[in-house]
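Reading through the structure tokens given below for one structure.
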Amino acid sequence: MIRLTNTLTRQLEDFQTQGDTVTMYVCGVTPYDSSHIGHAMSYVVFDVVKRYLTWRGCAVKHVQNFTDIDDRIIERANRLGTTTDELVEKYINMYFDDMRDLNVQPADVYPYATQEVPEMIEIIQRLIEKGFAYETKSTLSEWSDVYYRVSAKKDYGKLSHRTQESLMAGARVESGEEKENPADFALWKGAKAGEPSWDSPWGKGRPGWHIECSAMSLKYLGERIDIHGGGEDLIFPHHENEIAQTEAYTDAVPFVRYWLHNAWVKMGEEKMSKSLGNFITIRDGLNKVGGDGLRLWVLTSHYRKPLSFSETTLEAAKNGADRLRTAARALSEAGDGGIDLGHHRERFAAAMDDDLNTPQALAVLFDLGKEINRARDEGKGVATAQALLIELGGVLGLRLEEAGGSIEAAPFIELLIQIRTELRAAKQFQLADRIREGLAGLAITLEDGPQGTTWKQD
RNA sequence: GGCGACGUAGCCAAGUGGUAAGGCAGGGGUCUGCAAAACCCCCAUCACCGGUUCGAAUCCGGUCGUCGCCUCCA
């Protein structure tokens, strides 16, 4: 039985699906800049959720949005003298490149906020009709804003576990906004001069941030979904507001069965974030330690605990990934090496069942790797055990079967290895070493073993 | 101020009542043409104080410290 911590109840709950297919909605990025390794953490975590559920026999339908219109995008496009469309396209492409190299499986649908505006308008209209929203004149725009009326629903605050009173005390009101209540939030923003806008019953404007996820999850996954995920910092206000809107609109409660949130990446003692400027991009991380290295770094810590970033922890993860890869790839005859494979498989599943305890699951992989190495040193065939290591590593999204990096050069490397093997057999060690050193200069490491020579790319 | 999380070896990090997983780094060996890898061995009593218990890192109370959300944020 898989158990997950549900943010809504703050409890570890048994995971049960409502239908044949698990429906999962994950909040995507706002593509106005490169993604940093904090984003990598989130998408790796939910990729592992999906891979694990799939491994356990569930079909999963995964939807992830792109917020392709918002203040930051407009501001940045203006500053760079480009259009919001061009800016967004550039960073979405970059995002897909990052995810590909991180071995994150693509979502089934990637809706864009700007392409779902009619659906959002329909929801907003209905919310107004039902008394959950109201139109007001903004002093910043010639058109109207529409706000969600927080006081209209008594369970507002249930996800973040806050009372309406405490929220009203802390709420901020931008100048020019004409809200009934400081805690009310925008469903629709009247267009200011020069902003991209869409026609609506309230004039020209654009959707508020939260409404897109309500519209998209409804459209692509239905009124009740199994899993909704995202970073911890989205709990309030984003997900709180999503619940309010969606449940007010559909009356189907709960809108989401399991709310899952990952903690943040910390730089030293602080949270890594765009606004603090203390981030490193996914691309930088990939260049330093590769896809498996970066994934392993994320998964060595539990997803609900802050993840420590430093050059040292990143390097440690890379070295750990190399260790697993060595065990998985060493040449060997068929056989289980006398290792109890079922036991390792069960331990792995037990760790993952327990709220996705990836640190423990990884410990199982390292144990298995050690047993493989030991058995192989004793001359036993371990290919079957290696297949299990690769399979379980694959559940975590690791690509242990691959040499790492680009494999276009593989045939040439294999040829050099063959020549070097002949040179060594002829005791031409100087020439053999020149080949090894030359490859080392190209970031290719050769390792000689009883069964032959293997290589890996750093 | 409200809500929440955390404090485990040099570093990262599991473990939530029965005498501390795993990884990285480090030290010592074995193996190897050399190297790398691998293998073997070594390396903590869990922030502090008090309590409950036969027994606590794990439960309760308190102290100190750190961080997050409450405003855009994965």
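Per chain, numbering begins at 1; letters A, B, ... match sequence-line order.
Among B:rC69, B:rC3, B:rA14, the nucleotide with an atom closest to any side-chain atom of A:K271 is B:rC69. Which of B:rC3, B:rA21, B:rA74 sits closest to the side chain of A:H161 comes down to B:rC3. Between B:rC11, B:rA14, B:rG2, one nucleotide has an atom nearer to the side chain of A:Q360 than all others, and that is B:rA14.
Classification of A:R295 and A:D292 as a salt-bridged pair fails, no side-chain N sitting under 4.0 Å from a carboxylate O. A salt bridge between A:D367 and A:K370 is absent, with no side-chain N of the basic residue lying under 4.0 Å from a carboxylate O of the acidic one. Salt-bridge check for A:K50 with A:D47: failed, with every basic side-chain N at 4.0 Å or more from each acidic carboxylate O. Classification of A:K456 and A:E447 as a salt-bridged pair holds, one side-chain N sitting under 4.0 Å from a carboxylate O. The residues A:K158 and A:D155 are annotated as salt-bridged, a charged nitrogen and a carboxylate oxygen being separated by less than 4.0 angstrom. Ion pair A:R72/A:D33 not flagged as a salt bridge, since none of the NZ, NE, NH1 or NH2 atoms sits closer than 4.0 Å to an Asp/Glu carboxylate oxygen. A salt bridge between A:D353 and A:R3 is absent, with no side-chain N of the basic residue lying under 4.0 Å from a carboxylate O of the acidic one.
Within residues 31-39 of chain A, the residues that place at least one heavy atom under 4.0 Å from RNA chain B are, in residue-number order, A:H36, A:G38, A:H39. Residues from residues 374-394 of chain A with heavy atoms under 4.0 angstrom of RNA chain B, sorted by number: A:R374, A:D377.
Within 4.0 Å of A:N373, counting heavy atoms only, lie sugar-phosphate atoms of the nucleic acid but no base atom. Residue-level contact check: A:V364 touches neither bases nor backbone, having no heavy atom under 4.0 Å from any strand. In this structure, A:K427 reaches neither bases nor backbone, as no heavy-atom distance under 4.0 Å exists between it and the strands shown. Residue contacts shown for A:S273 include a base, since a base heavy atom lies under 4.0 Å away. At a threshold of 4.0 angstrom between heavy atoms, the contacts of A:D322 with the nucleic acid are absent. Counting non-hydrogen atoms under 4.0 angstrom, A:A40 reaches nothing in the nucleic acid. Within the nucleic acid shown, A:K274 has no heavy atom closer than 4.0 Å to any nucleic acid atom.
The shortest side-chain heavy-atom distance between A:D355 and A:H302 falls under the 4.5 Å cut-off. Contact check for A:L294 versus A:L286: side-chain heavy atoms found under the 4.5 Å cut-off. Annotation: side chain of A:T30 is not in contact with side chain of A:F66 (no heavy-atom distance under 4.5 Å). Side-chain contact check for A:R345 versus A:V364: every heavy-atom pair is 4.5 Å or farther apart.
Place A:L307 and A:G230 on RNA chain B by their nearest nucleotides, and A:L307 ends up nearer the 5' end. The 5' end of RNA chain B is approached more closely, in terms of each residue's nearest nucleotide, by A:S301 than by the other of A:S301 and A:F236.
A cation-pi arrangement is present between A:K274 and A:Y32, with the terminal nitrogen or guanidinium carbon under 6.0 Å from the aromatic centre and inside a 45° cone about the axis. Cation-pi contact between A:R424 and A:F429: absent, since separation from the ring centre below 6.0 Å together with deviation from the ring axis within 45° is not met.
In this structure, A:R10 places its CZ atom 10 Å from P of B:rC3, rounding to the nearest Å. Counting to the nearest Å, the P atom of B:rG4 and the CG atom of A:L234 are 20 Å from each other. When the P atom of B:rA74 is taken as reference, atom CG of A:L260 falls 17 Å away, rounded to whole Å. What separates CZ of A:R304 from P of B:rA13 is a distance of 15 Å, to the nearest Å. Distance CG (A:N357) to P (B:rA13): 13 Å, rounded to an integer number of Å. Rounded to an integer number of Å, the gap from CH2 of A:W264 to P of B:rC70 is 12 Å. The distance between atom CD1 of A:I235 and atom P of B:rC69, rounded to the nearest whole Å, is 11 Å. Taking atom CG on A:N241 and atom P on B:rC69, their separation rounds to 17 Å, with Å as the unit.
Taking a pair to require two hydrogen-bonding distances under 3.5 Å in either a Watson-Crick or a G-U wobble arrangement, B:rG61 pairs with B:rC49. Across every strand in view, B:rA37 sits unpaired, with no contact that passes the Watson-Crick or G-U test at under 3.5 angstrom. B:rA21 is unpaired under the criterion used here, namely a Watson-Crick or G-U wobble arrangement in which both key atom distances are under 3.5 Å. With a cut-off of 3.5 Å on both pairing distances, B:rC31 has no Watson-Crick or G-U wobble partner at all. Under the Watson-Crick or G-U wobble criterion, with both distances below 3.5 Å, B:rC43 has no partner in any strand shown. For B:rA5, the paired base is B:rU66 (Watson-Crick or G-U wobble, both distances below 3.5 Å).
With C1' as the reference atom, B:rC31 and B:rA21 are 28 Å apart, rounded to whole Å. Rounded to whole Å, the C1' atom of B:rC72 lies 39 Å from the corresponding atom of B:rG62.
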Mind running salt bridge (charged side-chain N to carboxylate O under 4.0 Å, His left out) on A:K288 and A:E311 for me, showing each step along the way? CA-CA 9 Å; A:K288 280 193 168 84; A:E311 295 293 336; 3.7 Å; yes
When you look at A:D448 and A:R420, which way does the salt bridge (charged side-chain N to carboxylate O under 4.0 Å, His left out) test go after all the steps? CA-CA 11 Å; A:D448 299 326; A:R420 177 168 167 275; 2.9 Å; yes
Verdict with supporting geometry, A:Y147 and A:F185, ring pair (Phe, Tyr, Trp, His ring centres under 6.0 Å): CA-CA 5 Å; A:Y147 290 98; A:F185 58 89; 8.7 Å; no
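With sequence neighbours excluded, the residues that form a side chain to side chain donor-acceptor pair (under 3.5 Å) with A:H238 are A:H210, A:E242.
Within the 4.0 Å cut-off from OP1 or OP2 of B:rC11, not a single side-chain nitrogen or oxygen of A:S308 is found.
Atoms CG and CG, on A:N319 and A:L324 in that order, are 11.5 Å from each other to the nearest 0.5 Å.
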Between the protein and nucleotides 17-20 of chain B, which nitrogen or oxygen pairs come in under 3.5 angstrom?
none

Identify all pairs in which a protein N or O lies below 3.5 Å from an N or O of nucleotides 23-26 of chain B, and state each distance.
from	atom 1	to	atom 2	distance (Å)
B:rC24	O3'	A:N319	ND2	3.3
B:rA25	OP1	A:N319	ND2	3.3

Identify each atom pair where a protein N or O and an N or O of nucleotides 29-36 of chain B are less than 3.5 Å apart, giving names and distance.
from	atom 1	to	atom 2	distance (Å)
B:rG33	O6	A:R424	NE	3.1
B:rG33	N1	A:D433	OD1	3.0
B:rG33	N2	A:D433	OD2	2.6
B:rC34	O2	A:R436	NH2	2.4
B:rC34	N3	A:R436	NH1	2.9
B:rC34	N3	A:R436	NH2	3.2
B:rC34	N4	A:D448	OD2	3.1
B:rA35	N1	A:D448	N	3.3
B:rA35	N1	A:D448	OD2	3.3
B:rA35	N3	A:R436	NH1	2.9
B:rA36	N1	A:D448	O	3.1

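Among the candidates A:D71, A:D70, A:D68, the single residue satisfying the salt bridge (charged side-chain N to carboxylate O under 4.0 Å, His left out) test with A:R206 is A:D71.
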